[in-house]
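Some notes on the structure that comes next.
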Amino acid sequence: MRFPRQAKISCLLTEGLSIKEAALKMGISEGTARQMVKEIFARLEINSQNKLISFVKSVNFIC
């Protein structure tokens with residue numbers, strides 16, 4: 001199941017971590033993290049990290 005990992009990386013990015021830092025914290029490769037972010041973008045129909053952060057904050061997602 002990938003959704004919990006996508007939620008986790010979204011939270012880490014919202015906390016101000018880079019994709020590389022989030023990957024390290026999650027114990028995954030940077031490439032895997034970037035792929036996960038691309039999948040999140042596709043799912044939410046967005047195209048930037050700033051929009052992802054805004055979305056997470058707007059829905060009051062609890063990290």
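Since we're looking at a predicted model, the values are computed, not measured.
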Decide yes or no for K8 and I28: does some side-chain heavy atom of the first lie under 4.5 Å from some side-chain heavy atom of the second?
-> no
Contacts of K25 that satisfy side-chain hydrogen bond (donor to acceptor under 3.5 Å, both in side chains) - sequence neighbours left out | none
Determine, using the 4.5 Å side-chain heavy-atom cutoff (strictly less than), whether L13 and M26 are members of one ILVMFWY cluster.
-> yes
Spacing of S18 atom OG and Q49 atom CD [to the nearest 0.5 Å] | 8.0 Å
Interatomic distance, NZ@K51 vs CD@E45, rounded to 0.5 Å, equals 11.5 Å
Taking only residues at least two apart or on different chains, which pairs with a member in residues 20-54 satisfy disulfide (SG to SG under 2.5 Å)?
-> none
Point-to-point distance, once rounded to the nearest 0.5 Å, from OG1 of T14 to CD1 of I9 | 10.5 Å
Which atom names give the shortest non-hydrogen contact between Q6 and M36, and what distance separates them?
-> N-CE, 3.7 Å
Can you give each donor-acceptor pair under 3.5 Å made by side-chain atoms of residues 54-63, sequence neighbours left out, with the distance rounded to 0.1 Å?
unit_1 : atom_1 : unit_2 : atom_2 : d
S54    : OG     : N50    : O      : 3.1
S58    : OG     : S54    : O      : 3.4
S58    : OG     : F55    : O      : 2.9

The reported gap from CZ in R5 to CD1 in I40 (rounded to nearest 0.5 angstrom) is 11.0 Å
With the threshold set at 4.0 Å, does a side-chain nitrogen-carboxylate oxygen contact exist between E30 and R34?
-> yes
Do L12 and E15 have side-chain heavy atoms sitting under 4.5 Å apart?
-> yes
Taking all non-hydrogen atoms of both residues, which atom of A23 and which atom of S29 are closest, and how far apart?
-> CB-O, 3.7 Å
Any chance you could measure L52, atom CG, to L44, atom CG, to the nearest 0.5 Å?
-> 6.5 Å
